Amino acid sequence: MGLLGRLSRQFFAAATIACLLIALGICVWWLTVARGREEHFEPAASGLALVAAITGVYAERRAAARERRAQALYALADELVKNTELLGTGFAPLDRFAPRARVYPRLLQSATEAALVSGVFSEPGHDELVALLHRWRDAVHDFNRRLDLTELRTYVSQVPPEELLAIDEAMHRPGGQLDGLRRLRSSVEDLLQGRYAEPGVAARLQQLG
């Protein structure tokens with residue numbers, strides 16, 4: 001994606017400059033050599049100038065879209081790093097001999113929400129990433145909501161230690177929600193590493209070790 005982006009920028013820049021130089025050359029020749037007698041050069045020069053203007057506008061819009069996409073990727077990578085830390089250390093199992101109700105950390109999803117709502121990945125070629133981000137967003141939302149319900153249950157009423165341990169074991173069991181979230185997180189990381197590892201993204205993902 002980075003190579004294609006550089007090639008497209010070079011192409012549009014070259015096309016814009018070439019059209020402007022040709023139009024300038026025609027105008028100079030028309031004014032100095034033909035002395036305005038060849039009237040058909042006027043629409044040619046004007047047409048080339050219009051082509052250059054249109055090409056420049058299109059190139060500027062593409063550059064702005066690439067910049068927005070890069071910023072979204074940086075935010076996704078930073079959010080992924082933070083969520084990796086939370087999934088690694090923020091949900092340690094309860095002490096079986098002294099279980100206590102606790103407040104759990106919440107997984108982050110603001111960068112994921114922003115990337116989906118903004119439409120920066122709406123162009124063809126990003127379908128896999130968009131589908132995966134939707135799955136990740138829904139999984140994180142559901143998990144955080146379950147944490148809200150769990151804390152409400154354990155703090156509002158007197159919950160026996162056996163029930164606290166049962167809730168904790170259900171969360172940590174193989175194939176449970178934490179396992180599912182970790183697999184989804186790994187899928188997002190693999191996709192970012194494989195297809196979107198621009199220098200800024202790669203530098204952020206290096207923190208995952």
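These figures come from a predicted structure and were not determined experimentally.
With contacts defined as side-chain heavy-atom distances shorter than 4.5 Å, the pair His126/Tyr196 qualifies.
Under a hydrophobic clustering in which Ile, Leu, Val, Met, Phe, Trp and Tyr are joined whenever their side-chain heavy atoms come within less than 4.5 Å, directly or via other members, Leu147 and Leu94 fall into different clusters. There is no path of hydrophobic side-chain contacts, each under 4.5 Å, that joins Val159 to Met171. Residues Tyr155 and Leu165 do not share a hydrophobic cluster, defined by chaining ILVMFWY side chains whose heavy atoms lie under 4.5 Å apart.
Every side chain to side chain contact (heavy atoms under 4.5 Å, CB included) that Val156 has, sequence neighbours left out, goes to Leu152. Legend: residues meeting salt bridge (Lys or Arg N to Asp or Glu O under 4.0 Å) with Asp78, ordered by chain and number and at least two apart, are Arg204. With sequence neighbours excluded, no residue forms a side-chain hydrogen bond (donor to acceptor under 3.5 Å, both in side chains) with Gln193. For Asp142, the salt bridge (Lys or Arg N to Asp or Glu O under 4.0 Å) test picks out Arg145, Arg146, with sequence neighbours left out. A search for side-chain hydrogen bond (donor to acceptor under 3.5 Å, both in side chains) contacts involving Asn144 returns nothing, not counting sequence neighbours. Legend: residues meeting side-chain hydrogen bond (donor to acceptor under 3.5 Å, both in side chains) with Arg100, ordered by chain and number and at least two apart, are absent. Listed by chain and number, the residues in a side chain to side chain contact (heavy atoms under 4.5 Å, CB included) with Thr150 are Tyr104, Thr154, Ile167 (sequence neighbours excluded). Contacts of Glu67 classified as salt bridge (Lys or Arg N to Asp or Glu O under 4.0 Å), with partners at least two apart in sequence or in another chain: none.
Expressed to the nearest 0.5 Å, how far CD of Glu189 lies from CG of Leu184 amounts to 13.0 Å. Once rounded to the nearest 0.5 Å, the distance linking OG of Ser187 with CG of Leu129 reads 12.0 Å. Separation of atoms OG (Ser122) and CG (Asp127) is listed at 10.0 Å; rounding is to 0.5 Å.
Ala115 approaches Phe121 most closely through the heavy-atom pair CB-CE1, 3.9 Å. Closest approach of Leu164 to Ala101, counting heavy atoms only: CD1-N, 3.8 Å. Counting all heavy atoms, side chain and backbone alike, Gly125 lies closest to Arg195 at O-NH2, 2.5 Å. Summarising the geometry of Leu205 relative to Ala77, their closest heavy-atom pair is CD2-CB, 4.0 Å, with the distance given to 0.1 Å. Here the closest heavy-atom approach between residue Ala72 and residue Val120 is recorded as CB-CG2, 3.7 Å. Nearest heavy-atom pair, Ala75 versus Ala111, reported as atom, atom and distance to 0.1 Å: O-CB, 3.6 Å.
For the pair Arg106 and Asp148, the salt-bridge criterion is met [side-chain N within less than 4.0 Å of a carboxylate O].
For residues 161-172, every residue pair satisfying the salt bridge (Lys or Arg N to Asp or Glu O under 4.0 Å) rule, not counting sequence neighbours, is listed here: Arg96-Glu169, Arg102-Asp168, Arg153-Glu163.
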Please list every donor-acceptor pair under 3.5 Å in which a side-chain atom of residues 80-92 meets a protein atom from a residue at least two apart or in another chain.
residue	atom	partner	partner atom	Å
Asn83	OD1	Leu108	N	2.8
Asn83	ND2	Glu79	O	3.4
Asn83	ND2	Leu108	O	2.9
Thr84	OG1	Leu80	O	2.7
Thr84	OG1	Arg185	NH1	3.1
Thr89	OG1	Glu85	O	3.0

Below 3.5 Å, can you tabulate the donor-acceptor pairs from side chains in residues 130-140 to any protein atom, sequence neighbours excluded?
residue	atom	partner	partner atom	Å
His134	ND1	Arg137	NH2	3.0
Arg137	NH1	Glu113	OE1	3.4

